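I have a structure I would like to understand better, so I am pasting it below and will then ask my questions one at a time.
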Protein chains: 2
Amino acid sequence: MTFTNLFDRFASGILSLSMTEATRTKLEAAARYASALSGDAPIVGNDKDQIVFVGSGSVKLVAHASAGREQVVAFQFAGDLVSVPATRAHAYSLSALDDCELISFPADEFFKLVQQEEGIILEVLKCSLVALANCREKAITLGRKTAQERLASFLVSMAERGGTPVDRGVELHLPMSRSDMGDSLGLTIETVSRQLSELRASGLLITPSRSKFLLLDLAGLQARAGHIRAAA
Amino acid sequence: MTFTNLFDRFASGILSLSMTEATRTKLEAAARYASALSGDAPIVGNDKDQIVFVGSGSVKLVAHASAGREQVVAFQFAGDLVSVPATRAHAYSLSALDDCELISFPADEFFKLVQQEEGIILEVLKCSLVALANCREKAITLGRKTAQERLASFLVSMAERGGTPVDRGVELHLPMSRSDMGDSLGLTIETVSRQLSELRASGLLITPSRSKFLLLDLAGLQARAGHIRAAA
DNA sequence: CGCCTACTTGAAGAGGTTCAAGAACCGTGG
DNA sequence: CCACGGTTCTTGAACCTCTTCAAGTAGGCG
């Protein structure tokens, strides 16, 4: 895969609507390409706001508090557009969860270039509102849910995003580690592990390998997720 | 104050850039006006995504989990534009914290009308990205901070938004109750109260009345907020 | 096949919640 | 202007969930 192909994928994914050839050329010039593997240093620095397109693979957006505490603010997957803010009260970084390819733009430049392209900026706005809705869901999870509800919510939402239905349930490949899950759910790695064991013991899922999850009872998980619909 | 004045304030605040007369007329036709007081029933229903402009006063955006648990997702003040999502896994509502005036639009209609107005949609996008950044800060607070850090973070951010410098420090009028603060910070009302007492005992602030806060040592509060800058 | 890292499990401890009571704010009415 | 009453806030003590610290197990890559 070449970087030109990567830009094409970006263009057809996000910029699918009309775009002038001039804008496309300028955007392509402003783009910075990167590919990274899990364990690599964070991809995006934090001097300026960035807009990053995930061409393939998956990433985590991490916020850093004092004392080395980390909060995973979002997991993002191929095709997603991510806003990575510059450091203010907290520092942010974007790290690869697996082999992935990214295109990044300085946010100010990006907006300047696409603002005349009405369909595109609306598309970007919609991405941003989806990210906002996801982040609010995360706020509920972090603020008002028990450890078990957090795990169940997480698994259900991952199943909705990228689960593949199989005969016995829904299969999931989760590229993040238990530690990443903990940092995303506001829990320790031990609590994540314990709650997973409990869900396993309840027959709701099995884990054929470390990154593979087979959800046997999605309704049961939903019931444990503390969603409003499952409420009495 | 008439509702026409209210729309004018919206137009000059958010739509300050060029807008055709036709679009303005259509927007005005799509607008639904509401005024509400604290304690009133939630203002915005949850059948469809809404875009709400806060003309005056202040509101809380609340997400509802099962078992009656509530998470305040954001406090918003005069001049803010708020995206209120329709119910999905959780239900959302917008409630007045004090006497306030609002304009709401169905989100789909709003976007349809402003998408041709390039300056405006960019402005809306920027609002959305600010909301996203705020929500991410909240995720850090809820996921990785102690009760004391949460309170300190909250007070510092409120001071940045609407504090008035006085000779002894920074004065704050907070329209929300302790209960709202707790629901925003993922704490109980008792914990909020206890941590406030501790901050008082440390000489960082005094509370001349229930809604009035005098922050005596903003740097001291910042140091307790768990921000990256205050880190060792 | 073996080692290293990631995950799991166990037991003690801390921070926050819950339940319960008391104090202070503040609008109301005298 | 002050007394009153209701609500909101504060404080206290027991409990519980999750964390911390520690050890053991199992993937999975060489």
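Nothing here was measured: the structure is a model prediction, and the numbers come from that model. Letters A, B, ... are given to chains in the order of the sequence lines, protein chains preceding strands, and every chain is numbered from 1.
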Check your understanding: Between atom CZ in R200(A) and atom C1' in dA26(D), what is the gap in whole Å?
Key -> 12 Å
Review point. Hey, are the side chains of L199(B) and Q148(B) touching, using non-hydrogen atoms and a 4.5 Å cut-off?
Key: yes
Check your understanding: Is L216(A) close to L204(A) at the side-chain level, that is, under 4.5 Å between some pair of heavy atoms?
Key ->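 No; the side chains remain at least 4.5 Å from each other.
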Point to revise | Atom pair distance, as rounded to whole Å: CD1 in I189(A) and C1' in dG24(D) | key: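 For the pair I189(A) CD1 and dG24(D) C1', the rounded distance is 15 Å.
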Exercise for review: Using atom types as modelled and distance alone, determine if a side-chain donor or acceptor of S12(A) lies under 3.5 Å from a backbone N or O of D8(A).
Suggested key: yes
Check your understanding: To the nearest Å, how far apart are R69(A) CZ and dC18(D) C1'?
Key -> 16 Å
Review point. Can the ring centres of F105(B) and F10(B) be said to be less than 6.0 Å apart?
Key: yes
Review point. Between CD of E137(B) and OH of Y92(A), what distance do you get to the nearest 0.5 Å?
Key: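 It is 4.0 Å, given to the nearest 0.5 Å.
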Point to revise | Whole-Å distance separating the CG atom of L196(B) from the C1' atom of dT11(D) | key: 13 Å
Review point. With a 3.5 Å cut-off and no angle check, do the side chains of R69(A) and S66(A) form a donor-acceptor pair?
Key: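 There is such a pair (donor and acceptor under 3.5 Å, judged by atom type) between the side chains of R69(A) and S66(A).
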Check your understanding: Can you give one letter per nucleotide of nucleotides 14-26 of chain C, 5' to 3': B if a protein heavy atom sits under 4.0 Å from the base, S if only from the sugar-phosphate, - if neither?
Key -> --SBBB----BBS
Review point. When the distance from CG of L185(A) to P of dT19(D) is rounded to whole Å, what number comes out?
Key: 11 Å
Point to revise | D98(B) CG to dG27(C) C1', straight-line distance once rounded to whole Å | key: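 Whole-Å distance recorded here is 17 Å.
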Review point. Does the side chain of R200(A) come under 3.5 Å of the side chain of S197(A) through a donor N or O and an acceptor N or O?
Key: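 Yes, S197(A) and R200(A) have a side-chain donor paired with an acceptor closer than 3.5 Å.
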Exercise for review: Using whole Å, report how far CD of E198(B) lies from P of dT11(D).
Suggested key: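 One finds 11 Å between P of dT11(D) and CD of E198(B), rounded.
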Practice item. To the nearest 10°, let me know how far the axis at one end of the helix from dC1(C)-dG30(D) to dG30(C)-dC1(D) is tilted from the axis at the other, five pairs an end. Key: 50°
Review point. Between E160(A) and R88(B), does at least one N-O distance fall below 4.0 Å, as a salt bridge requires?
Key: no
Exercise for review: Answer yes or no: are there more than 12 heavy-atom neighbours, outside R161(A) itself, under 6.0 Å from its atom CZ?
Suggested key: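 Yes, enclosed.
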**Study point:** Length of the line joining R178(A):CZ and dA26(D):P, which is rounded to integer Å
**Key:**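 In whole Å, dA26(D) P and R178(A) CZ are 15 Å from each other.
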